S.K.: 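First the structure, then my questions, so here it is.
What you are looking at is a predicted structure, and each value in this text was computed from that prediction instead of being measured.
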Amino acid sequence: MRINFIRSELHKTNKVFMYMITLSAFLSVAVLNLIYIYDNSYKTIKNTILIDYIEVNNVLSGETALIMPILCIVVCAFIWTIDFESGCIKYIFSQISRKNWMITKIVTSVITIFFLYFILGVGLTSIAYLLGNKEIITVSYLKQFILLLVASIPLIIWELFTAIVSVTYQEFGKTVGIVLVLFLLFYILDNYFPNMRGIFPTSALIYIWGYSNINLLIKNILGVIIYSVILVFALRYVVKNKEV
């Protein structure tokens, strides 16, 4: 039953958003990152792309840390609100329990986020391969590709934030607006208050591997776990008690 609903959710997401978001992810992150490197050292573009991708923290703390979460929040808001806005939520709850509906939405959102980061990795790897030093890329680029996929894990926090707001307000536009304001607020606080790194829910996105700071890395890991557990319980409560 859950697998069938997950397939249905993925089909709806693909039908409306997937191609647009995939293109946006490639253009806004891979291409903008290329332009950034080019603007700063146009005569050594091949070397800088190679270095920048091997030092993948540079990519993740730049455009990716801001643009990718925004794209994923938009997609997740669509996934969670489509049943409410289409007016078929009561019918769905007659076919599947609220708990299973929630699990289905979470799984669909996680798959979608992972897919978007996969596309990002393909885009960055392709650019680096075409313009970089092909003799030394095999191990290094594979390692960075895996690390880039791992970087999607902290977005579970914002997927759950989006889910809670979506179920509460049941509107796509309002959900996107509220969650993006929260995200940008925490993003700014994380950058302006370095002593609070590891505390805000955006820290694990901006400082994904702690920048060689083991204490920050541990804080980020614990932060993702604690926020996720709290938000799952909050989401379960909202889904269980929200009138439709």
S.K.: Quick check: does any side chain N or O of Asn100 sit under 3.5 Å from a backbone N or O of Ile96, one acting as donor and the other as acceptor?
M.R.: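 No; judged by distance alone, with no hydrogens or angles, the pair does not exist.
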S.K.: Any side-chain heavy atom of Tyr117 within less than 4.5 Å of one from Leu155?
M.R.: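 SC-SC contact between Tyr117 and Leu155 confirmed.
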S.K.: Consider side chain to side chain contact (heavy atoms under 4.5 Å, CB included). Of Leu216, Asn191, Thr202, which one does Arg197 pass it with?
M.R.: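 Of the listed residues Leu216, Asn191, Thr202, the side chain to side chain contact (heavy atoms under 4.5 Å, CB included) partner of Arg197 is Leu216.
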S.K.: Identify, with sequence neighbours excluded, every residue that meets side-chain contact (heavy atoms from CB on, under 4.5 Å) alongside Ile188.
M.R.: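 Ile188 satisfies side-chain contact (heavy atoms from CB on, under 4.5 Å) with Tyr192 only.
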S.K.: Below 4.5 Å, heavy atoms only, C-beta onward: do Thr175 and Thr168 meet side chain to side chain?
M.R.: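 A side-chain contact is absent here, since even the closest heavy-atom pair is not under 4.5 Å.
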S.K.: Just how far is it from atom CG of Leu235 to atom NZ of Lys105, taken to the nearest 0.5 Å?
M.R.: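 Interatomic distance, Leu235 CG to Lys105 NZ, rounded to 0.5 Å: 11.5 Å.
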S.K.: Hey, what's the ring geometry for Phe183 with Trp158, parallel, tilted or perpendicular (30° and 60° as the breaks)?
M.R.: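 Answer is perpendicular, since the angle exceeds 60°.
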S.K.: Can any side-chain N or O of Glu85 pair as donor or acceptor with the backbone N or O of Phe172 at less than 3.5 Å?
M.R.: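 Yes, the answer is positive, given that a donor and an acceptor are paired below the 3.5 Å cut-off.
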S.K.: Under the 3.5 angstrom rule, does the side chain of Asp190 hit a backbone N or O of Ser203 as a donor-acceptor pair?
M.R.: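 Such a contact is found between Asp190 side chain and Ser203 backbone.
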S.K.: Classify the side-chain pair Trp80/Ser109 by whether it contains a donor and acceptor separated by less than 3.5 Å.
M.R.: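 Yes, a side-chain donor-acceptor pair sits under 3.5 Å.
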S.K.: Return the CD to SG distance between Gln95 and Cys88, rounded to the nearest 0.5 Å.
M.R.: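 The SG atom of Cys88 is 11.0 Å from CD of Gln95, to the nearest 0.5 Å.
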S.K.: Is any side-chain heavy atom of Tyr227 closer than 4.5 Å to a side-chain heavy atom of Ile156?
M.R.: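 No, side chains not in contact.
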S.K.: With the side chain counted from C-beta on, respond yes when Pro69 and Leu205 share a heavy-atom pair under 4.5 Å apart, and no when they do not.
M.R.: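 Yes - at least one pair of side-chain heavy atoms lies under 4.5 Å apart.
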S.K.: Is the backbone of Leu149 close enough, under 3.5 Å, to the side chain of Ser152 for a donor and an acceptor to pair up by distance?
M.R.: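 Such a contact is found between Ser152 side chain and Leu149 backbone.
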S.K.: How are the rings of Phe115 and Phe118 set relative to one another: parallel (under 30°), tilted (30 to 60°) or perpendicular (over 60°)?
M.R.: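 Parallel: the ring planes of Phe115 and Phe118 meet at under 30°.
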S.K.: Tell me which one of Ile178, Leu231, Val239 satisfies side chain to side chain contact (heavy atoms under 4.5 Å, CB included) with Ile164.
M.R.: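 Considering Ile178, Leu231, Val239, a side chain to side chain contact (heavy atoms under 4.5 Å, CB included) with Ile164 is found only for Leu231.
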